[in-house]
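Let me begin by presenting the structure, written as structure tokens, before commenting on it.
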Amino acid sequence: MIAVGRQVANPQTIFTLFSASWCGYCTQAKAYLRIKGIVFRELDIDTLDSGRAYFEAGGQRGVPLIIADGKRLSGFSGAAYDHFFAAKK
């Protein structure tokens with residue numbers, strides 16, 4: 001699924017959010033991205049293909065996991081996401 005916002009931190013950057021439907025922090029992360037208008041691709045780790053992609057991307061410590069340009073951020077906090085996306089502009 002691709003969530004479309006009003007603006008993108010950097011038009012060349014593709015953000016991938018690994019998440020799970022049962023994860024409260026994932027829900028917060030998705031809300032943050034939508035409020036900030038950041039376009040992202042969401043992959044649910046509970047599906048076979050997305051779970052495999054999560055593992056191949058080095059996911060081991062839980063969700064949410066956001067990846068862009070080889071950088072990754074696990075978990076969710078508004079301050080950490082602010083810093084992560086500020087560095088992408």
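Distance CD/Glu42 to OG/Ser21: 9.5 Å, rounded to 0.5 Å. Atom CD1 of residue Ile38 and atom CZ of residue Phe15 lie 6.0 Å apart, to the nearest 0.5 angstrom. To the nearest 0.5 angstrom, Cys26 atom SG is 7.0 Å from Ile45 atom CD1. Between Arg72 atom CZ and Ile67 atom CD1 the span is 4.5 Å, to the nearest 0.5 Å.
At least one side-chain heavy atom of Phe85 sits less than 4.5 Å from a side-chain heavy atom of Ile66. Within the 4.5 Å cutoff, the side chain of Lys71 has no heavy atoms near those of the Leu73 side chain.
Under the 4.5 Å side-chain heavy-atom criterion for Ile, Leu, Val, Met, Phe, Trp and Tyr, Trp22 and Leu65 are members of the same hydrophobic cluster.
Shown are Leu33, Thr16, Ile14; of these, the side chain to side chain contact (heavy atoms under 4.5 Å, CB included) with Phe40 is made only by Leu33. Partner of Phe76 under the ring pair (Phe, Tyr, Trp, His ring centres under 6.0 Å) criterion, out of Tyr25, Phe18, Tyr81: Tyr81 alone.
Side chain of Tyr32 to backbone of Ser77: no donor-acceptor contact under 3.5 angstrom is found. Of the possible donor and acceptor atoms, one in the side chain of Tyr54 sits under 3.5 Å from a partner among the backbone N and O of Gly62.
The shortest heavy-atom contact between Val63 and Cys23 is O-SG, 3.7 Å.
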